[in-house]
Amino acid sequence: MKRRVLGIAAIGLSAAIILAGCIGSSKKKTASSPAKKAAAEETESKKTEQKERNGYDEGTTDYTVGDLIIHVPNYFSLSNDNSTDDDMTWYAESGNGSVAMLKFQKWDSGSVLDESTINQLKGTVPSQIVSGMNSDNLHFDTTDIADKKDLTVAGYPSVSFDITGTSNFENSDAKTIYFKNVIIFIPGSSNAYIASLGQSDNTKYSYIGDFDKFIDNITAAQPSNNSSSDSAAAASGQVTPELKSFLDSYEAFVDQYVELAKKYQANPSDLNLLSEYSDYLTKLSDFEKQANAYDQSESTMSTADYNYYIDSMARIQKKLLAASSELSGTGNQ
């Protein structure tokens, strides 16, 4: 497959064009407020009627896309016509005026991603994707962004958000298309990845539960998956970008974890903190597993990689031990 790099608005447009081919174009008209309310109510009703597909555990197919490995449910069929190495599309349902589509795309943000840049993009990218979704082929009367929240995927900072688009589609009884999206940022590089589930309100099944499992099971590609860039970094005496990105993300996460642990100890009856703390423990375990994978490859690391790895892990362990000592009440004794 070929490679292509899309601008962020074009990413929304490409998804819209593909969907238009499945459910038919839509008429350009502006919905009134009562119409918006009616469409929203009908959407919620149809969501309730759709049974969850629940087929993720039946089997998956693995794909390596840049920095990440994704595990796609086998009932999704890859569309070769709409896929490249860095922009892949699968269908579970299509035709007869309905569609259930999974997309995974690599996006070059155009600048090196640090914490400040990532936070800025988390705020602007969702609306930019929406602006790119309306085209001559597919025009939504309304588009709403909802349920936006930060999360960590494969150890990387990420943001999830939902988009609901309503319209009167020609040749289809669909009234709404629901998009569930996750953007994964790779600190220390310009790479980001966008995972999207698009399903119309007239599909046989809902695929939201399996999409959540799809996101939860994304993993970082091991260093060997980027051998050419690793070799170039080693030859120049620089730290491998992927290793640096992981270790920087790990250390930043530990800082967040320590702060949350302190808040939870100060107010253990706060159920929201308890839930968040439980999630952080799971994420910490994921980081530790990935760190162990690097630990097993120490002997093959370049000198620059090894020194950066040892220094970073020493700082991380020091922070965790200091926090443990403080939280147990022995830090000041």
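Here, residue 1 is the first one in the sequence, and each next residue gets the next number.
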Exercise: identify the closest heavy-atom pair between [X] and [Y]:
X    : Y    : value
F211 : K180 : CZ-O, 3.5 Å
V239 : A304 : CG2-O, 3.7 Å
N217 : H71  : O-CD2, 2.8 Å
G165 : T143 : CA-CG2, 4.3 Å
I163 : I145 : CG1-CG1, 4.3 Å
E52  : G209 : OE1-N, 3.0 Å

Next on the checklist: Side chains of Y178 and D162: any donor to acceptor distance under 3.5 Å?
Outcome noted: yes
Next on the checklist: Do S98 and N202 pair up side chain to side chain, a donor and an acceptor below 3.5 Å, judged on atom types alone?
Outcome noted: no
Using 0.5 Å steps for rounding, measure from the [atom1] atom of [X] to the [atom2] atom of [Y].
X    : Y    : atom1 : atom2 : result
I118 : S158 : CD1   : OG    : 9.0 Å
K106 : D67  : NZ    : CG    : 6.0 Å
K244 : D305 : NZ    : CG    : 11.5 Å
D212 : Y207 : CG    : OH    : 15.0 Å
D201 : T176 : CG    : OG1   : 4.5 Å
I183 : L151 : CD1   : CG    : 10.5 Å

Next on the checklist: Applying side chain to side chain contact (heavy atoms under 4.5 Å, CB included) to T117 and S109, what does each step give before you reach the verdict?
Outcome noted: CA-CA 10 Å; T117 304; S109 65; 5.8 Å; no
Checklist outcome for this item: With sequence neighbours left out, the residues meeting ring pair (Phe, Tyr, Trp, His ring centres under 6.0 Å) with Y264 are Y277
Checklist entry - What pairs with Y308 under ring pair (Phe, Tyr, Trp, His ring centres under 6.0 Å), at least two apart in sequence or on another chain? => result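 Here no residue qualifies.
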Checklist entry - Run the side chain to side chain contact (heavy atoms under 4.5 Å, CB included) check on F287 and T152 step by step: do they pass? => result CA-CA 10 Å; F287 270 113; T152 301; 4.2 Å; yes
Checklist entry - How far apart are the C-alpha atoms of S190 and D108, what are their side-chain angles, what is the distance that settles it, and do they pass the side chain to side chain donor-acceptor pair (under 3.5 Å) test? => result CA-CA 6 Å; S190 62; D108 187 343; 3.0 Å; yes
Checklist entry - Donor-acceptor pair, S83 side chain versus S79 backbone, under 3.5 Å? => result yes
Next on the checklist: I'd like to know if the side chain of S127 and the backbone of T124 have a donor-acceptor N/O pair within less than 3.5 Å.
Outcome noted: yes
Heavy-atom side-chain proximity of [X] to [Y] below 4.5 angstrom:
X    : Y    : value
F104 : I218 : yes
D210 : F214 : no
Y193 : I70  : no
K318 : L321 : no
L121 : L113 : yes
M101 : F76  : no
S249 : P187 : yes
Y257 : L281 : yes

Checklist entry - Among the clusters formed by ILVMFWY side chains lying less than 4.5 Å apart, do I310 and V254 turn up in the same one? => result yes
Next on the checklist: Are V112 and L243 connected into the same hydrophobic cluster when the rule is that any two of I, L, V, M, F, W, Y join if their side-chain heavy atoms are below 4.5 Å apart?
Outcome noted: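 Different hydrophobic clusters.
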Are [X] and [Y] ion-paired here, with the side-chain N under 4.0 Å from a carboxylate O?
X    : Y    : result
D279 : K283 : no
K103 : D87  : yes
E93  : K204 : no

Next on the checklist: Could you work out, with side chain to side chain contact (heavy atoms under 4.5 Å, CB included) as the rule, every residue matching K148, not counting sequence neighbours?
Outcome noted: P126, V159, F161
Next on the checklist: Run N267 and S269 through side chain to side chain donor-acceptor pair (under 3.5 Å) and show every step you take.
Outcome noted: CA-CA 6 Å; N267 191 6; S269 61; 3.2 Å; yes
Checklist entry - Going through the distances and angles, do F179 and I129 end up as a side chain to side chain contact (heavy atoms under 4.5 Å, CB included)? => result CA-CA 11 Å; F179 298 89; I129 289 178; over 6 Å; no
Checklist entry - CD of E58: more than 12 outside heavy atoms within 6.0 angstrom? => result yes
Checklist entry - Which of parallel (below 30°), tilted (30 to 60°) and perpendicular (above 60°) describes F246 and Y250? => result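 The rings of F246 and Y250 sit tilted, inter-plane angle from 30° to 60°.
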Item to check | Ring center gap for Y63 and W90 short of 6.0 angstrom | outcome: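 Yes, they do, as the ring centres are separated by less than 6.0 Å.
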Next on the checklist: Walk me through whether L247 and M313 qualify under side chain to side chain contact (heavy atoms under 4.5 Å, CB included).
Outcome noted: CA-CA 8 Å; L247 291 171; M313 293 303 295; 4.1 Å; yes
